[in-house]
There are 2 protein chains.
Amino acid sequence: MKNLPHKTIERLSQYRRALLLCHAKGMTYIYSHEIAKIQHITAVQVRRDIMLIGYTGTLRKGYNVKELIDLIGQIIDSKEGINVCVVGIGNLGRAITNYFSGKRTKLSIVAVFDVDKGKVGKKYHGIECFDLADMTKIIKEKKIEIAIMTVPGEDAPMISDMLVKAGIIGMLNYTPKPVNVPKEVYLEEYDMITSLEKVAFFVKTH
Amino acid sequence: MKNLPHKTIERLSQYRRALLLCHAKGMTYIYSHEIAKIQHITAVQVRRDIMLIGYTGTLRKGYNVKELIDLIGQIIDSKEGINVCVVGIGNLGRAITNYFSGKRTKLSIVAVFDVDKGKVGKKYHGIECFDLADMTKIIKEKKIEIAIMTVPGEDAPMISDMLVKAGIIGMLNYTPKPVNVPKEVYLEEYDMITSLEKVAFFVKTH
DNA sequence: AGAAAAATGTTAATTATTTCACAATGTTAA
DNA sequence: TTAACATTGTGAAATAATTAACATTTTTCT
C-alpha cells in the first residue's frame, strides 16, 4: 500500500471525483468498466489500481461506491488536513480559489496573497487576501504547507524563494517560468501552453 | 523523426519556452545540463530528446539556441498555423486568453464564446466574444480546429458534443468533468484538483 | 605534443507502466 | 440443476520511459 505508482495516485484522485458524482446520483455499485469509460482508460487499469490500494469488489456487482470513495480518501488525503495558499489573485488565482471553495475537507485554501493594495483586505470566495509583504508571517501563523503560484512569470523565482524560506513543503507552479526549490520541497509545474502545443501536435498525427 | 514519444513532445515544448528566454537574454549556445537544470530533469534526457529530433550540438560548446528553437518549431508547430477558441470566458477563460495573446504565431486564439449576453460582443485581450448559440457557425467560418473548454463542469458534456459536431479535431478540457469524444478527436483533460491532491500526497511521503 | 577535462551522441540496461490472458466465482436463465 | 455469462483479481508479458555507461571529440593546459 505504501509504494503506489505516481500515475495511480493521479488516477485515484480522478476516480474519486467521478465516484462522488455517481454517489450523488444515488448509485451504490459501479463496475470497473464504467469507471474506465468515464476516465477514458481500460477496465484492467482501474481494477489494478483498486487492487493496489487493497480494496476488493463484489464479483458481478462491482465496487461499492461509498466504500471506495472512503478508502481512496484514506489513502490520498492526509489525516490532519492541509492548509493551502494561493499567491497572486489574478484571473487564474481567482479561478482556482473559486474552483476549490468548499470542495474538499482535507485541503483548504486559507489565504490568498497579492501585491496589489487594492486587493489586500478583500475576500475572494470567502478567503481573505493578504499583502505579499506579510506572506512569511501569515504562512507561519496559519500553518500553511502548500502554495499555488499564479503570479506573472517574471515574479515566480523570487516568490518561490520566499515561499521556501517561509517553510512551504509543497508547491504547485502555474506560471510559465520553472522555479528551483530544494529537494525537500515537492514541486509540481504545469504550463497550459505545453498542453495546447501537445494537442496541436497530436491532432495532426492520426 | 515521426514517432516521437509523448513525453518527448511535452518536453520539447518546454525546452522551447526556456530557450526563447535564453535567446532573449542574448545566449547563443546552451549545454544540455543547463536546459536540464531549468526543467528539473537530467542532461541525458535532454540530449536524448534532441537526438530524437535529429539535431546535433557542437561538442564542448553545446547547442545553438536559435537553431534549436527553430528546429523544435519545425517539429511541433504545424506548418499552416492552427486556430483555437476558448469556450467560457470566466476567470479561467480570461487567464488563458491573456496568457496566450501574442505568444505563438502558429497557434492563435481567434474567438471566445460565452452564454452570458453581457459578455457577447466585448473583446478579451483583443479577441471578440461570440454568443455560444452561434458557436457552430463561427467555428466553421473561422476554421477553428482546437477548443479549450473552461465552462462550468455541468455544461461540459453538452458543449463538448456541440464542439465535436461543429468539426473540432482537438480539445483541451479544463472542466472538472470528463467528456466523451469520438476517437478522431484528440482530447486532453486536466484537473487542478488532481494536481493539488498529488502534491498533498507526495509532500507527506518523503 | 601529449594529457586532462568537458561535452555530445548513442547503445544497452533498468525501471515504470500498461496490457494480456485467464482462473475463480457469483448470477441468470433454461 | 446445469450451462452460459459477466465480472473481479492477478501473474506474466509487453511496451514505454528513463538512466547508466562509455566511446568520441574538441578544447585547454602544461
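Scope of the values below: all heavy atoms of this structure, side chains included, with no hydrogens, waters or symmetry mates. Throughout, protein chains are lettered first and strands after them, A, B, ... in sequence-line order, and every chain is numbered starting at 1.
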Tell me which residues in residues 12-23 of chain B lie within less than 4.0 Å of DNA chain D, going by non-hydrogen atoms.
none

For B:D49 and for A:K61, find the nucleotide of DNA chain D with the closest heavy atom, then tell me which residue's nucleotide is more 5'.
A:K61

Any residue in residues 29-43 of chain A with a heavy atom nearer than 4.0 angstrom to DNA chain D? Just list them by number, or reply none.
A:Y31, A:S32, A:H33

Return each pair, listed once, that meets ring pair (Phe, Tyr, Trp, His ring centres under 6.0 Å) where at least one residue sits in residues 6-26 of chain B; pairs must be two or more places apart or across chains.
A:F202-B:H6

Using a strict 4.0 Å threshold on nitrogen-to-oxygen distance, state whether B:E80 and B:K106 make a salt bridge.
no

Could you pick out which residue, A:L59 or A:T8, lies toward the 5' side of DNA chain C when each is mapped onto its nearest nucleotide?
A:T8

Are the side chains of A:I96 and B:M192 in touch, meaning some heavy atoms are under 4.5 Å apart?
yes

Run the side chain to side chain donor-acceptor pair (under 3.5 Å) test against A:N64 and tell me which residues pass, sequence neighbours left out.
none

Run the salt-bridge test on A:D114 and A:R94 with the 4.0 Å N-O cut-off and return the result as yes or no.
no

Axis-to-axis angle for the helix from C:dA1-D:dT30 to C:dA30-D:dT1, ends of five pairs each, to 10°, equals 0°

Mind checking B:T56 for me? I need base, sugar-phosphate or nothing, with any heavy atom below 4.0 Å counting as a touch.
sugar-phosphate

Sequence neighbours left out, what passes side chain to side chain donor-acceptor pair (under 3.5 Å) with B:E128? Give chain and number order.
none

Please, which pairs that meet salt bridge (Lys or Arg N to Asp or Glu O under 4.0 Å) have at least one residue in residues 45-74 of chain B, sequence neighbours excluded?
B:R11-B:D49, B:K66-B:D70

Mind checking what makes ring-ring contact (aromatic ring centres under 6.0 Å, His included) contact with A:Y31, not counting sequence neighbours?
A:H33

Does any residue of residues 192-199 of chain B have a heavy atom under 4.0 Å from DNA chain D, and if so, which ones, in number order?
none

Separation of A:L68 CG from A:L20 CG (nearest 0.5 Å):
10.0 Å

The side chain to side chain donor-acceptor pair (under 3.5 Å) partners of B:S195 (sequence neighbours excluded) come to B:Y190

Does the base of C:dA7 carry an N or O that pairs as donor and acceptor with the side chain of B:R47 under 3.5 Å?
no

Leading and trailing nucleotides of DNA chain D with any atom under 4.0 Å from heavy atoms of chain A:
D:dC5 to D:dA12

What nucleotide, of C:dT10, C:dT17, C:dC20, holds the atom closest to the side chain of B:M51?
C:dT10

Checking C:dT27, C:dG9, C:dA12 against the side chain of B:R48 (C-beta onward), the nearest is C:dA12

With sequence neighbours left out, which residue pairs that include part of residues 143-169 of chain B fulfil the salt bridge (Lys or Arg N to Asp or Glu O under 4.0 Å) condition?
A:K204-B:E145

Just checking, is any N or O donor in the side chain of A:Y99 or B:D191 under 3.5 Å from an acceptor N or O on the other one?
yes

